Trainee: 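Can you read through this structure? Questions will come right after.
Below, chain A is the first sequence line, B the second, and so on; all start at residue 1. Keep in mind that this is a model prediction, so the values were computed, not measured.
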Amino acid sequence: MDIIKLEHVTKQYDDGFIALNDISLTIESGKFYSLLGPSGSGKTTILRIMAGFSEPTEGKVYFAGQDITALDASKRQINTVFQNYALFPHMNVYENVAFGLEIKKQKKSKIQAAVKDALHMVQLDDFANREISELSGGQQQRVAIARALVNQPKVLLLDESLSALDKHLRKDMQFELRAIQKKLGITFIFVTHDQEEALAMSDEIFVLDKGKIQQSGSPVDIYDEPVNDFVARFIGDSNIVLGRMVRDFEVEFVNRRFECADAGIPAGEKVEIVLRPEDLDLVRPEDGKLDVIVQSQLFLGDHYEIKAKDMDDNEWLIHSTNATQVGKEVGVFFDSEDIHVMRFGESEADFDKRLETYEGDETGEKR
Amino acid sequence: MKKNRLFFLLPYSLWILLFVIAPMILIAFDAFTGSHGEFTWSNFVQFFSDTTFLRMTLNSFWYAFLITVITLLISYPMAYILSHMKNQQFWLLLIILPTWINLLLKAYAFIGIFARDGLVNHFLSFFGIGPANILFTDFAFIFVATYIEIPFMILPIYNAICDIDPALINAARDLGASKWQVLGKIIWPLSRSGVESGIQAVFIPSLSLFMLTRLIGGNRVITLGTAIEEYFLTTMNWHMGSTIGVVLIVLMLIVMLTTNRKRHHQEVR
């Protein structure tokens, strides 16, 4: 079921800056979404429009089929976890969490029970009487989540909610948020600039840049088949080189021809090729599809990050679990499915259409 | 390093010592001595047994209270609206500007406005109501005192409201609070520090107002401030003047302590 729908939403500020440029998107009930993009991409603006803190210049917002474009934030069944938590400093933990219910004039006994449940869910059972200033960042984060969830919203918006936490805590919270979402079955919309976070948590990701949705889809789709080089560069590391389509399922780059998995592009068209560093394997020079010379090697704990150059001076980023030696000539091997071909200026819709022409099934897997 | 810091502290300490602590000691000394320099409680006994003094104290308190309440009622909405306006700096300047003008000049200006042949009475006569006695009434006194104190109330409240994180207001709205509930449950409690400083900045000086009581109030309103002035300058009884001064200082301390209370929370098991 669709719970939130944005139709042709544009947001232009008084100074003329266009934060959102004709955004249309549909949020289904019960899923975990991420709005992913660099700062200034418009992701927070979308969130503010959904929450009701900001009105679109043009376009409509629907909630469960009803037009809520002009509805006040206080009347929406949507709650928000704010970037810096925005906990009320003059109230203790209990009063913060109880705030929404007290506004709704619920019975005291009912409020107490609900607050207790909410604090239990975020594992802060014994913290009800603490002052906000006595809490750590992670605990404040949990209070903010409890304060939003206690109102039993249909949709929970999270605005860069984990970015202030240290790496370890962040990982923990990612798991926990995901678990809470699964347990409650409500829709989470998570705004982040951290691609790893978005990939790890989401059912579906909207990648945004310059006020436009660049691509949407499951984490796997977006990672494996970026539609343009913005998405390719923003999500994960990538090697991007210029190439030319020879014919269907064959592409030329670095002056060689390779078999690939893409079709439906006119022969001879200039394209961009994306190769993920972890799809590249180091082999003996005679077994490789490319010959490169290792320029540098960094040990990153779980893998080595290797920079190498081929004979045409193209730089290649390779992730390998095995070490090599700087200055050594090695071969690089990759499968034909690892080659992702991107057309210049192809929109997501065009991409999906092209995919259907040669894969023949609509629901399918995009590779 | 440490020596250096002490050096920089010196001018400030000297200032405090010479112009705050020393005068207070002198006042206390005078208050506890009689006309021959002997230690005595008699000044205080006289103060607390004479109904005139007690009435003056109550009077001072009552007028200071009225002035503070009226100032607050006007200033809080103004500070709130100001914090939401464009060109805030300009409007702030307009509020601060009158404080640059000497108090006496402002008082004389109001004499001109409120006098029998003044501006207000001209206006009233035009509608056939006046001329009325405005100058030398309680109303005039409170009106002018409020006018003078308003900037000192608006500024701390305005600063406190501006310091509130706008995300908190969004959060409250997000949780279902109406505009008035946001005002009552978030903005008011979070700007209370500003209100408290405003009250201190207005109430305490109002306790000892004396010039306005004469110029605008026509000496019909007699406060502790007026009394101190009388004792020091007219009857030259510095001991009694100091005694009233000590009482005033103690009252001010009480006001400061009561306006700095800590709030309490809902506790749950």
Side-chain angles (χ1 to χ4, degrees), chain A residues 14 47-48 50-54 72-106 108-109 111-113 115-116 119 126-132 143-144 147-151 153 155-157 159, chain B residues 72 76 79-80 83-91 156-200 258-269:
Chain A
D14 294 337
L47 202 77
R48 291 176 59 86
M50 285 177 174
F53 305 139
S54 171
D72 193 75
S74 60
K75 299 195 171 64
R76 300 190 182 191
Q77 281 178 292
I78 298 173
N79 285 114
T80 310
V81 178
F82 290 83
Q83 181 163 16
N84 295 315
Y85 321 134
L87 297 175
F88 305 128
H90 57 301
M91 302 180 189
N92 63 18
V93 170
Y94 174 85
E95 289 165 322
N96 262 282
V97 179
F99 188 86
L101 301 177
E102 269 167 7
I103 290 284
K104 293 186 191 84
K105 302 239 165 15
Q106 293 198 358
K108 222 175 159 118
S109 56
I111 294 177
Q112 286 199 1
V115 172
K116 211 177 155 200
L119 287 177
D126 299 327
F127 285 73
N129 296 326
R130 295 278 187 98
E131 295 297 318
I132 298 304
V143 175
R147 183 178 70 174
L149 286 176
V150 79
N151 302 288
V155 176
L156 185 73
L157 307 176
D159 185 7
Chain B
L72 180 62
Y76 198 90
Y80 180 74
S83 69
H84 285 74
M85 285 211 290
K86 285 180 182 170
N87 305 320
Q88 293 182 12
Q89 291 309 317
F90 170 74
W91 294 108
I157 296 176
Y158 168 79
N159 285 331
I161 291 179
C162 286
D163 280 347
I164 297 174
D165 181 358
L168 294 179
I169 289 153
N170 276 341
R173 282 174 60 208
D174 189 70
L175 293 166
S178 67
K179 286 229 162 73
W180 287 104
Q181 283 170 321
V182 171
L183 192 63
K185 287 177 187 280
I186 307 297
I187 296 174
W188 171 255
L190 286 178
S191 59
R192 236 188 65 177
S193 65
V195 173
E196 279 164 5
S197 348
I199 289 177
Q200 287 177 5
T258 49
T259 44
N260 280 333
R261 272 175 306 124
K262 235 185 109 63
R263 53 190 162 254
H264 66 277
H265 283 293
Q266 271 192 53
E267 298 269 321
V268 286
R269 269 163 295 114

Trainee: Below 4.5 Å from any heavy atom of chain B, which atoms of Ile78(A) appear? Answer side chain, backbone, both or neither.
Mentor: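 The backbone, not the side chain.
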Trainee: Would you name the heavy atoms of Lys185(B) and Met91(A) that are closest together and state the gap between them?
Mentor: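 Result for this residue pair: O-CE, 3.8 Å.
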Trainee: Quick one: what part of Leu101(A) sits under 4.5 Å from any heavy atom of chain B, side chain, backbone, both or neither?
Mentor: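 It is neither, since no heavy atom gets under 4.5 Å.
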Trainee: Hey, what do you get for NZ (Lys75(A)) to OG (Ser178(B)), rounding to the nearest 0.5 Å?
Mentor: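 So the gap between those two atoms works out to 7.5 Å.
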Trainee: Return the CG to CG distance between Asn84(A) and Asp165(B), rounded to the nearest 0.5 Å.
Mentor: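 Going from CG on Asn84(A) over to CG on Asp165(B), the span is 7.5 Å.
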Trainee: First locate atom CD1 of Ile169(B), then atom CZ of Phe88(A), and finally report the distance between them rounded to the nearest 0.5 Å.
Mentor: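 Rounded to the nearest 0.5 Å, the CD1-CZ separation comes to 9.5 Å.
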Trainee: Heavy-atom cut-off 4.5 Å, strictly under: side chain, backbone, both or neither for Arg147(A) against chain B?
Mentor: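 For Arg147(A), backbone and side chain are both near chain B.
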Trainee: Between Leu168(B) and Pro89(A), which heavy-atom pair has the shortest distance, and what is it?
Mentor: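 Closest approach of Leu168(B) to Pro89(A): CD1-CD, 3.7 Å.
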Trainee: Rounded to the nearest 0.5 Å, what's the gap from CG on Leu175(B) to CD1 on Ile103(A)? Could you check?
Mentor: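 The distance works out to 8.0 Å.
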Trainee: At a heavy-atom distance under 4.5 Å, which candidate from Ala51(A), Gly100(A), Ala86(A) has the highest pair count against chain B?
Mentor: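 The residue among Ala51(A), Gly100(A), Ala86(A) with the greatest pair count is Ala86(A).
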Trainee: Residues in side-chain hydrogen bond (donor to acceptor under 3.5 Å, both in side chains) with Lys104(A), at least two apart?
Mentor: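 Lys104(A): side-chain hydrogen bond (donor to acceptor under 3.5 Å, both in side chains) contacts with Asn151(A).
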Trainee: Using a 4.5 Å cut-off on heavy atoms from C-beta on, say whether the side chain of Ser74(A) contacts that of Asp174(B).
Mentor: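 Counting from C-beta outward, Asp174(B) and Ser74(A) never come under 4.5 Å.
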Trainee: Could I get the full list of salt bridge (charged side-chain N to carboxylate O under 4.0 Å, His left out) partners for Asp72(A), not counting sequence neighbours?
Mentor: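 Salt bridge (charged side-chain N to carboxylate O under 4.0 Å, His left out) list for Asp72(A), sorted by chain: Arg173(B).
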Trainee: Would you check, one step at a time, whether the test side-chain contact (heavy atoms from CB on, under 4.5 Å) holds for Phe99(A) with Ile186(B)?
Mentor: CA-CA 11 Å; Phe99(A) 188 86; Ile186(B) 307 297; 3.9 Å; yes
